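Note sheet for the following structure.
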Protein chains: 2
Amino acid sequence: MSSSARAKRAAAEDRLDLVFHALSDRTRRDLLARLAVGPAMVTELAAPFAMSRIAVSKHLKVLERARLVVRAIDGRVHRCSLAAAAPQDVERWLGHYRAFWHDTLGALARYVERDEKNGRE
Amino acid sequence: MSSSARAKRAAAEDRLDLVFHALSDRTRRDLLARLAVGPAMVTELAAPFAMSRIAVSKHLKVLERARLVVRAIDGRVHRCSLAAAAPQDVERWLGHYRAFWHDTLGALARYVERDEKNGRE
DNA sequence: GCAATATGAAACCATTTGGTTTCCTATAAT
DNA sequence: ATTATAGGAAACCAAATGGTTTCATATTGC
């Protein structure tokens, strides 16, 4: 149980790595913005950018790994769309800091405390 | 005006790059968590980690560049603390996606629209 | 069947990243 | 004055990033 909890925690950390890294690139944020308007295929997504289609394709893969984007393959067309579900772990993580920034300190301190108990490393 | 608006926007984008990148590393997130408990000097911050002080120092520099952490030099001691102010741009950015994920689509579409008008690129 | 299209795979390249170790410089403390 | 302490700087290294180009593979349209 403690071991599975640790495993789950490690996975959540990985997800945070993936999501934050995915968001740290302007091109990828632009792709998300475009996808927010509606689904699109890869070529369509790549068109507005001053870089090769392959480069955009790689960015899409990063977004997919972070599970921010999903892809439905239909014949030769790959239709990409924003993942419907919010990244809960990210929201949760940021929530603690928002609490800190807004009402100064309490919530995050509690978070860290809980964290220690939960057998971090 | 439109040129200065563009410049400001580019700066905001850079900030997003910096902040998201800073958050994409587990060590750095752990540092933030530690700092949320209270200010600390570099050696103190480095102690719990299985890496050199210099490595932690570099991570701190990344957090500083993203303006998530500030440093007050007092004699030979560098006292680091969480930046008091929330990264507004980040909050704003995420806010739009939160809106999308929660009430599906509307807010983000509006965001993108406004974005186009505001002379992106 | 054949040409055009949508896409990925592989190999490559320069730069950045996350680490290290080995110095060097201030400031304290005794 | 000497020694211990807090810290950065520089040089280095392996691995990951963000690009590229070239080639390969399905699918679709005629």
Side-chain angles (χ1 to χ4, degrees), chain A residues 10 13-35 38-82 121, chain B residues 10 13-35 38-82 121:
Chain A
E13 293 291 337
D14 286 352
R15 180 82 200 290
L16 287 176
D17 282 11
L18 291 175
V19 173
F20 283 132
H21 171 247
L23 296 180
S24 75
D25 182 276
R26 162 118 194 224
T27 300
R28 288 192 289 265
R29 288 195 304 272
D30 284 350
L31 283 170
L32 288 180
R34 164 63 188 80
L35 285 174
M41 61 179 174
V42 177
T43 308
E44 201 175 332
L45 286 171
F49 292 94
M51 74 182 69
S52 74
R53 177 183 47 83
I54 305 279
V56 172
S57 171
K58 284 186 184 180
H59 282 300
L60 283 169
K61 208 176 301 174
V62 172
L63 290 168
E64 273 186 284
R65 279 210 316 155
R67 283 185 276 146
L68 294 172
V69 162
V70 292
R71 178 189 306 239
I73 300 177
D74 174 33
R76 65 181 164 179
V77 171
H78 294 208
R79 183 149 300 267
C80 302
S81 35
L82 269 200
E121 193 72 36
Chain B
E13 293 291 337
D14 286 353
R15 180 82 200 292
L16 287 176
D17 282 10
L18 290 175
V19 173
F20 283 132
H21 172 248
L23 295 180
S24 76
D25 182 276
R26 162 119 194 222
T27 300
R28 288 192 288 266
R29 288 195 304 273
D30 284 351
L31 283 171
L32 288 179
R34 166 60 188 83
L35 285 174
M41 60 181 175
V42 177
T43 307
E44 202 176 332
L45 287 170
F49 293 94
M51 74 182 67
S52 73
R53 177 182 47 84
I54 306 280
V56 172
S57 171
K58 284 186 183 179
H59 281 300
L60 283 170
K61 209 177 300 174
V62 173
L63 291 168
E64 273 187 283
R65 278 209 317 154
R67 283 187 276 149
L68 295 172
V69 162
V70 292
R71 178 189 307 237
I73 300 177
D74 173 33
R76 65 181 165 181
V77 171
H78 294 207
R79 184 149 299 268
C80 302
S81 36
L82 268 201
E121 169 118 19

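By convention in this document, chain letters (A, B, ...) are assigned in the order of the sequence lines, proteins followed by strands, and residues within each chain are numbered from 1. On a predicted model such as this, the values are computed, not experimentally measured, just so you know.
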Which heavy atom in A:L82 sits nearest to a heavy atom in A:V70, and how many Å separate them?
-> O-CG2, 4.4 Å
5'-most contact on DNA chain D: B:S57 or A:V62, nearest heavy atom basis?
-> B:S57
Between C:dG18 (P) and B:R65 (CZ): distance, integer Å | 11 Å
Quick one: is C:dT20 close enough that its OP1 or OP2 comes under 4.0 Å of any side-chain N or O from B:S52?
-> yes
Between D:dG7 atom C1' and B:R71 atom CZ, what is the distance in whole Å?
-> 9 Å
N or O in side chain of A:K61 less than 4.0 angstrom from D:dT17 OP1/OP2 | no
Is any side-chain nitrogen or oxygen of B:H59 closer than 4.0 Å to OP1 or OP2 of C:dG18?
-> no
Nucleotide C:dA9, atom P - distance to CG of A:L60 in whole Å = 13 Å
Under 4.0 angstrom, heavy atoms only, what part of the nucleic acid is B:I54 near: base, sugar-phosphate, or nothing?
-> base
What one should report as the nearest heavy-atom pair of B:F20 and A:L23 is CD1-O, 3.3 Å
Heavy atoms under 4.0 Å, any strand shown: does B:R28 hit a base, just sugar-phosphate, or nothing?
-> sugar-phosphate
Closest heavy-atom pair and its distance - A:R53, A:T43 | CD-OG1, 4.1 Å
Do A:H21 and A:R28 have side-chain heavy atoms sitting under 4.5 Å apart?
-> yes
To the nearest angstrom, the NE2-P distance between A:H78 and D:dT27 comes to 10 Å
Short side-chain to backbone donor-acceptor contact, B:R71 and B:H78, under 3.5 Å | no
Donor-acceptor contact present, side-chain B:R15 to main-chain B:A66, <3.5 Å = yes
In whole angstrom, what separates A:L23's CG from D:dT17's P?
-> 14 Å
Out of D:dG19, C:dT7, C:dT20, minimum distance to the side chain of A:V77 belongs to C:dT7
A:D25 CG to C:dT15 P: how many Å, rounded?
-> 18 Å
For the pair B:R26 and B:D30, find out whether any cationic side-chain nitrogen is under 4.0 Å from an anionic carboxylate oxygen.
-> yes
Using only side-chain N and O atoms of A:K58, determine if any of them is under 4.0 Å from OP1 or OP2 of D:dA16.
-> no
Under 4.0 Å from any atom of DNA chain D, heavy atoms only: list the residues of residues 41-49 of chain B that qualify, in numerical order.
-> B:M41, B:V42, B:T43
Produce the list of close N/O pairs, under 3.5 Å, pairing protein atoms with atoms of nucleotides 28-30 of chain D; give distances to one decimal.
none

CD of B:E64 versus P of D:dG7: gap in Å, rounded?
-> 12 Å
Of the non-hydrogen atoms in A:L63 and A:A22, which two are nearest, and what is the gap between them?
-> CD2-CB, 4.1 Å
What heavy-atom pair brings B:A40 and B:R34 nearest, and what distance separates the two atoms?
-> CB-NH2, 3.3 Å
To the nearest Å, how far apart are A:R53 CZ and D:dT21 C1'?
-> 12 Å
Heavy atoms only: give me the nearest B:C80-B:V42 pair and the separation to one decimal.
-> SG-CG2, 4.2 Å
